[in-house]
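Report on the structure given below.
Note: hydrogens, waters and symmetry copies are ignored here, and every other heavy atom, side chains too, is used. If you're wondering where the values come from, they're calculated on a predicted model, not measured in any experiment.
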Number of protein chains: 2
Amino acid sequence: MTERETGGRRGVVPQGAGLPGLTPLLYAATARLDAHFAASAAATGLTSAQANAVYELAEPAGMRELGRRMCCEPPNVTFVVDRLEERGLVRRAPLPGDRRAKQVLLTEEGHAVRAALLERLAVEPPLRGLSDADRRTLRTLLARALDADGGPAEAAYAVTSDARQPE
Amino acid sequence: MTERETGGRRGVVPQGAGLPGLTPLLYAATARLDAHFAASAAATGLTSAQANAVYELAEPAGMRELGRRMCCEPPNVTFVVDRLEERGLVRRAPLPGDRRAKQVLLTEEGHAVRAALLERLAVEPPLRGLSDADRRTLRTLLARALDADGGPAEAAYAVTSDARQPE
DNA sequence: CTGTAATCATTCGGGCTCGCACGATAGGGT
DNA sequence: ACCCTATCGTGCGAGCCCGAATGATTACAG
């Protein structure tokens, strides 16, 4: 499977901007998350982007809504869903109420692949070297850094409570 | 300049993997860093990748070495340097000792653009909402999480001491 | 009921990133 | 000298990602 390692990921390793050493550590941490996700995706025969879509399709969604869940723009959703549809993991159904919209939903095989993905995601998850107390501290610090600075904490990266347990 | 907002960035917003809420916060934090860098790049007429190259070219480097600094693979360096060379910000000189290698160095205009970039990077840097103590704690926690888990701290994202002050 | 504005998905063009496969050169061993 | 291997940069193909523009449809105003 050649471990495709994420496709078009982070293109930037910016400056310190007055934070000696902090920036690289943050990038290293997210790189770990990306690597784990990409490896899990590859293990189930998907690219990261495709896995992201499959992961978010527990419930069906329109293209727009799926884009929101995946944190990317509509044209990209069209692209990824095209690939998944070719593979038969997903299909586009017309939405009864609205003839513009299309509803994307997993096929039977898609659900199977999603289950395999979730299973693989659960093994050896990254950032296990932290105690619960450390995790809490880390969360607090990151939240503080974010909303003291730009917007109200995240906004862009939908934290939406903690509704992101491994399911 | 349309605020190109980074080009081919993060394509993945992975799972919680047992860390309720931590993962999204990490992604949100690096998203801030990316946004700040991309905005600074755009302000100086560059894309993020191009700015990354210019930033790393304080000292000349071969393509390979530049790739290491930019944290990307050689074909990508070729691509980015091509664009920069077309713009006249960079030139490829033959390396005296080795006829395979090429040395990439900033032109005069390249140095000017780099100076402008550094200047722009210094205004309103992200993650300012943290005290020095918080910063230290955050650094400690991230380092611990990283080397308890995968490799020896970073390795991939070259922290190389703290030699990354705004210069 | 008709015209205008908003929304949906897509297409198009362009930039970023990688793996693989070259051709060219360098270096080590024989 | 000679070959065998490693390294350097690059071309190619493919995938990811976005902003702008487009055609279809819906929603709203008058």
Side-chain angles (χ1 to χ4, degrees), chain A residues 1-13 31 34-35 37-38 41-42 45-53 61-68 70-87 90 92-104 156, chain B residues 1-13 31 34-35 37-38 41-42 45-53 61-68 70-87 90 92-104 156:
Chain A
M1 192 39 65
T2 51
E3 197 70 14
R4 234 195 138 287
E5 217 28 67
T6 217
R9 219 180 45 67
R10 178 170 310 104
V12 172
V13 185
D34 283 347
F37 192 80
L46 298 171
T47 65
S48 287
Q50 289 165 10
N52 191 16
M63 302 294 280
R64 215 102 188 166
E65 165 62 16
L66 181 53
R68 268 186 291 273
M70 294 172 62
C71 293
C72 70
E73 301 304 312
N76 195 13
V77 179
T78 296
F79 180 82
V80 173
V81 168
D82 279 350
R83 306 305 164 98
L84 291 174
E85 198 170 31
E86 290 166 9
R87 278 166 169 251
V90 135
R92 278 181 246 235
L95 194 66
D98 189 336
R99 263 186 308 186
R100 301 170 290 185
K102 288 165 188 173
Q103 194 175 33
V104 186
Chain B
M1 191 39 64
T2 50
E3 199 68 17
R4 238 196 134 288
E5 218 27 70
T6 215
R9 219 181 45 66
R10 178 171 309 106
V12 171
V13 186
D34 283 347
F37 191 81
L46 298 171
T47 65
S48 288
Q50 290 164 9
N52 191 17
M63 302 294 279
R64 216 101 188 166
E65 165 61 16
L66 181 52
R68 269 187 290 272
M70 294 171 62
C71 293
C72 70
E73 301 304 313
N76 194 11
V77 179
T78 295
F79 180 84
V80 173
V81 168
D82 279 350
R83 304 305 165 97
L84 291 174
E85 199 170 30
E86 290 165 10
R87 277 166 168 251
V90 137
R92 277 181 249 234
L95 194 66
D98 189 337
R99 262 186 308 185
R100 302 170 287 184
K102 289 167 187 170
Q103 194 174 34
V104 186

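Here the NZ atom belonging to Lys102(A) is positioned 8.0 Å from the OG1 atom belonging to Thr78(A), to the nearest 0.5 angstrom.
Taking only distance into account, the side chain of Arg83(A) never meets the base of dG15(D) through a donor-acceptor pair shorter than 3.5 Å. Judged by distance alone, with hydrogens and angles left aside, Arg100(A) brings no side-chain donor or acceptor close enough to the base of dT26(D) to form a pair under 3.5 Å.
Backbone-only engagement by Arg99(A) is indicated by non-hydrogen atom pairs under 4.0 Å involving sugar-phosphate atoms exclusively.
When the P atom of dT26(D) is taken as reference, atom CG of Leu95(A) falls 10 Å away, rounded to whole Å. Taking atom CZ of residue Arg68(B) and atom P of nucleotide dG9(D), one finds them 9 Å apart after rounding to whole Å. In this structure, the NZ atom of Lys102(B) is 7 Å from the C1' atom of dT10(D), given to the nearest Å. The distance between atom CG of Asp98(B) and atom C1' of dG27(C), rounded to the nearest whole Å, is 11 Å. In this structure, Glu73(B) atom CD and dG13(D) atom C1' are separated by 17 Å, rounded to whole Å. As rounded to whole Å, 15 Å separates atom C1' of dC16(C) from atom CG of Leu46(B). Following rounding to the nearest Å, Arg87(B) (CZ) and dG15(C) (C1') show an atom-to-atom distance of 12 Å. In this structure, the CD atom of Gln50(A) is 9 Å from the C1' atom of dG15(D), given to the nearest Å.
Residues Leu46(B) and Arg87(B) have side chains in contact (heavy-atom distance under 4.5 Å, counting atoms from C-beta outward).
Comparing dC16(C), dG19(D), dA9(C) by their closest approach to the side chain of Ala49(B) singles out dC16(C). Each of dT17(C), dA9(C), dG9(D) was ranked by its minimum atom distance to the side chain of Ala101(A); first place goes to dA9(C). The side chain of Arg64(B) sits closest to dC8(D) out of dA9(C), dC8(D), dT11(C). Distances were taken from every side-chain heavy atom of Pro74(A) (C-beta onward) to each of dC18(D), dT10(C), dC18(C); the shortest belongs to dT10(C). Here dA9(C) is the nucleotide among dA24(C), dC18(C), dA9(C) with the atom lying nearest to any side-chain atom of Met63(A).
Nearest-nucleotide mapping onto DNA chain D: of Cys72(A) and Gly62(B), the residue sitting toward the 5' end is Gly62(B).
Of all heavy-atom pairs spanning Asn52(A) and Met70(A), the tightest one is ND2-O, 3.5 Å. Between Ser48(B) and Phe37(B) the shortest heavy-atom distance is O-CE2, 3.5 Å.
For Thr47(A), a side-chain nitrogen or oxygen approaches OP1 or OP2 of dC16(D) to under 4.0 Å. Contact check, Asn76(B) against dC16(C): no side-chain N or O comes under 4.0 Å of OP1 or OP2. Residue Arg92(A) places at least one side-chain N or O under 4.0 Å from the OP1 or OP2 atom of dT10(C).
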Please evaluate residues Val80(A) and Thr47(A) with respect to the criterion side-chain contact (heavy atoms from CB on, under 4.5 Å), reporting the C-alpha separation (whole Å), side-chain torsions for both, the decisive distance (0.1 Å), and the verdict.
CA-CA 10 Å; Val80(A) 173; Thr47(A) 65; over 6 Å; no
